[in-house]
Amino acid sequence: MKKLGIDEAGRGCIIGPMIVAGVLIESNKENLLKAVGVRDSKKLTREKREHLLHIITESAEAVVVTKAFPEEIDSINLNDITYSRVIQVIDIVTSSFKVDLISVDRVGKEDIVIRKIQDLGISENVKFKADERFTEVSAASIVAKVFRDRIIDSLKEKYGDFGSGYPSDPKTRKWIIDTYSSTSQPPKIIRRSWKSLIDLAPNYYSRKGI
């Protein structure tokens, strides 16, 4: 049985893109991936994730990575853009590979994704906390996290060290405040529709669709 797992990284960040990844594996690879330590990326160190990425790419039938950048995230409902990227992954993989089961780490109702999978005649497994429960989704969570970490590193080379990019991170908050004090033009890496900006950098804030 061929299982496609899909997960994201960076949904809640105020800085940088969201990454949605898909990993297609044969069910006979599950025990191998579990044995080497594949599990929810949040429970792994960065070093371990980087190590596992190589094993995942060697073991998988297919690996797909898609991105959603701040400007697009600011113009569309976050759930809707998440679903669109999940469907993009599904379309890419199913256009070239036979898929028997699609597992997705569920966000909200996810009705459009469930209908998409059903319309393809593929078994759906769209569940909350799927990244903790299903190996193929754990693998996708690792891929998504590694790719986002690498993008964040490249952004820091240009914009300075802004921490994790999450609004709860004091380092991220300080970077936004300092940037706001030095320029009235918000850097393109900031998600301007995040309400955290109202306190940190009020003139950077812009409601969705504006």
Visitor: Does Asp149 come within less than 4.0 Å of Arg49, counting only side-chain N to carboxylate O?
Guide: yes
Visitor: Shared ILVMFWY cluster between Val23 and Ile122, side chains joined below 4.5 angstrom?
Guide: yes
Visitor: Take atom CD1 of Ile112 as the centre, draw a 6.0 Å sphere, and report whether it contains more than 12 heavy atoms from other residues, nucleotides or ligands.
Guide: no
Visitor: Take Lys174 and Asp178 through the test salt bridge (charged side-chain N to carboxylate O under 4.0 Å, His left out) and record every step on the way to the result.
Guide: CA-CA 6 Å; Lys174 182 179 185 302; Asp178 291 345; 2.7 Å; yes
Visitor: With no hydrogens and no angle check, is any side-chain donor or acceptor of Lys116 less than 3.5 Å from a backbone partner on Asp91?
Guide: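 Flag not set: sc Lys116 to bb Asp91 has no pair under 3.5 Å.
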Visitor: Say whether Ile87 and Leu120 are linked into one hydrophobic cluster, either directly or through other cluster members, by side-chain heavy-atom distances under 4.5 angstrom.
Guide: yes
Visitor: Determine whether a donor-acceptor pair (N or O, by modelled atom type, separation under 3.5 Å) exists between the side chain of Arg191 and the backbone of Asp74.
Guide: no
Visitor: Determine, step by step, whether Arg148 and Asp153 satisfy the salt bridge (charged side-chain N to carboxylate O under 4.0 Å, His left out) criterion, reporting the C-alpha distance in whole Å, the side-chain angles of both residues, the deciding distance to 0.1 Å, and the verdict.
Guide: CA-CA 9 Å; Arg148 178 174 157 84; Asp153 284 348; over 6 Å; no
Visitor: For residues Arg150 and Leu53, determine if any side-chain heavy atom of one lies less than 4.5 Å from a side-chain heavy atom of the other.
Guide: yes
Visitor: Which pair of non-hydrogen atoms, one from Tyr204 and one from Thr179, has the smallest distance, and what is that distance?
Guide: OH-O, 3.4 Å
Visitor: Taking all heavy atoms of Ile190 and all of Pro70, pick out the closest pair and write down the distance.
Guide: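 Shortest heavy-atom contact: O-CB, 3.7 Å.
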Visitor: Nearest 0.5 Å, what's the CE-CD distance between Met1 and Glu136?
Guide: 10.0 Å
Visitor: So, Tyr83 versus Asp111: side-chain donor-acceptor pair below 3.5 Å or not?
Guide: no
Visitor: Could you grab the distance from atom CG of Leu44 to atom OG of Ser138, nearest 0.5 Å is fine?
Guide: 8.5 Å
Visitor: Starting from the C-alpha separation in whole Å, work towards a yes-or-no answer on salt bridge (charged side-chain N to carboxylate O under 4.0 Å, His left out) for Lys145 and Asp7.
Guide: CA-CA 9 Å; Lys145 180 63 173 165; Asp7 198 10; over 6 Å; no
Visitor: Check whether any side-chain N or O of Tyr180 sits under 3.5 Å from a backbone N or O of Asn203 as a donor-acceptor pair, and report yes or no.
Guide: yes
Visitor: Is the shortest side-chain N to carboxylate O distance from Asp100 to Lys98 below 4.0 Å?
Guide: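 Salt bridge present between Asp100 and Lys98.
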Visitor: If you measure only the distance, is there a donor-acceptor pair under 3.5 Å linking the side chains of Asn125 and Ser103?
Guide: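 On atom types as modelled, these side chains qualify, holding a pair under 3.5 Å.
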Visitor: Could you grab the distance from atom NZ of Lys29 to atom NZ of Lys2, nearest 0.5 Å is fine?
Guide: 11.5 Å
Visitor: Do Val137 and Asp40 make a side-chain contact, defined as non-hydrogen atoms from C-beta onward lying under 4.5 Å apart?
Guide: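 No. Closest side-chain heavy atoms not under 4.5 Å.
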Visitor: Using a 4.5 Å cut-off on heavy atoms from C-beta on, say whether the side chain of Trp175 contacts that of Ile15.
Guide: yes
Visitor: Group every Ile, Leu, Val, Met, Phe, Trp and Tyr by side-chain heavy-atom contacts under 4.5 Å, then state whether Met18 and Val86 land in the same group.
Guide: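 Yes, Met18 and Val86 fall within the same hydrophobic cluster.
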Visitor: Rounded to the nearest 0.5 Å, what's the gap from CD1 on Ile117 to OG on Ser123? Could you check?
Guide: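 Here the interatomic distance stands at 9.5 Å.
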Visitor: For Gly108 and Phe128, work out which heavy atoms get closest and say how close.
Guide: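 Gly108 and Phe128 have their closest heavy atoms at O-CZ, 3.7 Å.
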Visitor: Hydrophobic cluster membership, with links at side-chain heavy-atom distances under 4.5 Å among I/L/V/M/F/W/Y: are Tyr205 and Tyr166 in one?
Guide: no
Visitor: Does the salt bridge (charged side-chain N to carboxylate O under 4.0 Å, His left out) test come out yes or no for Asp169 and Lys171, once each step is laid out?
Guide: CA-CA 5 Å; Asp169 183 348; Lys171 197 169 191 176; over 6 Å; no
Visitor: Within the side chain of Trp194, is there an N or O that forms a donor-acceptor pair under 3.5 Å with the backbone of Gly12?
Guide: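 Yes: the side chain of Trp194 pairs with the backbone of Gly12.
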Visitor: Ignoring hydrogens and geometry, is there a side-chain-to-backbone donor-acceptor pair from Glu132 to Lys129 under 3.5 Å?
Guide: no
Visitor: Write down the atom of Phe97, the atom of Ala62, and the distance for their closest heavy-atom approach.
Guide: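 Looks like CE1-CB, 3.6 Å.
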Visitor: Inspect the surroundings of NZ in Lys67 and state if more than 12 heavy atoms from other residues, nucleotides or ligands are less than 6.0 Å away.
Guide: no
Visitor: When you look at Ile6 and Asp105, which way does the side-chain contact (heavy atoms from CB on, under 4.5 Å) test go after all the steps?
Guide: CA-CA 7 Å; Ile6 303 174; Asp105 191 30; over 6 Å; no
Visitor: Can a donor-acceptor pair be found, under 3.5 Å and without considering hydrogens, that links the side chain of Ser59 to the backbone of Ile56?
Guide: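 No: the side chain of Ser59 does not pair with the backbone of Ile56.
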Visitor: Determine yes or no for a side-chain-to-main-chain donor-acceptor pair under 3.5 angstrom, with Ser96 supplying the side chain and Val93 the backbone.
Guide: no
Visitor: Identify whether the distance between the nearest side-chain nitrogen and carboxylate oxygen of Asp131 and Arg39 falls below 4.0 Å.
Guide: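 Looking at Arg39 together with Asp131, the answer is no, because their closest N to O distance does not fall below 4.0 Å.
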Visitor: Within a reach of under 6.0 Å around CD of Glu71, are more than 12 heavy atoms found that belong to other residues, nucleotides or ligands?
Guide: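 No, CD of Glu71 has 12 or fewer neighbouring heavy atoms, counting only those of other groups under 6.0 Å.
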Visitor: At their closest point, which heavy atom of Val38 faces which heavy atom of Thr135, and how far apart are they?
Guide: CG1-O, 4.1 Å
Visitor: If you take all heavy atoms of Thr172 and Ser164, which pair is closest and at what distance?
Guide: OG1-N, 3.5 Å
Visitor: Would Lys3 and Phe134 count as a cation-pi pair here, with the cationic atom under 6.0 angstrom from the ring centre and within 45° of the axis?
Guide: no
Visitor: State whether the side chain of Ser141 and the backbone N or O of Ser41 hold a donor-acceptor pair below 3.5 Å, judged by distance alone.
Guide: yes
Visitor: Will you find, in the side chains of Arg11 and Thr82, an N or O donor that is under 3.5 Å from an N or O acceptor?
Guide: yes
Visitor: Please tell me whether Ile152 and Val65 are part of a single hydrophobic cluster in this structure, the criterion being side-chain heavy atoms less than 4.5 Å apart.
Guide: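 Yes, Ile152 connects to Val65 through the hydrophobic network.
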Visitor: Donor-acceptor check, side chain of Arg115 to backbone of Gln118, threshold 3.5 angstrom: yes or no?
Guide: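 Pair absent, no side-chain N/O of Arg115 close to backbone of Gln118.
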Visitor: Could you go step by step and tell me if Ile14 and Leu197 meet the side-chain contact (heavy atoms from CB on, under 4.5 Å) rule?
Guide: CA-CA 9 Å; Ile14 195 170; Leu197 286 177; 3.9 Å; yes
Visitor: Donor-acceptor pair, distance only, cut-off 3.5 Å: does the side chain of Arg173 make one with the backbone of Leu200?
Guide: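 Pair absent, no side-chain N/O of Arg173 close to backbone of Leu200.
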Visitor: Atom OG of Ser84 and atom CG of Asp80: how far apart are they, to the nearest 0.5 Å?
Guide: 8.0 Å
Visitor: Can you tell me how far apart OG1 (Thr66) and CD (Glu8) are? Round to the nearest 0.5 Å.
Guide: 10.5 Å
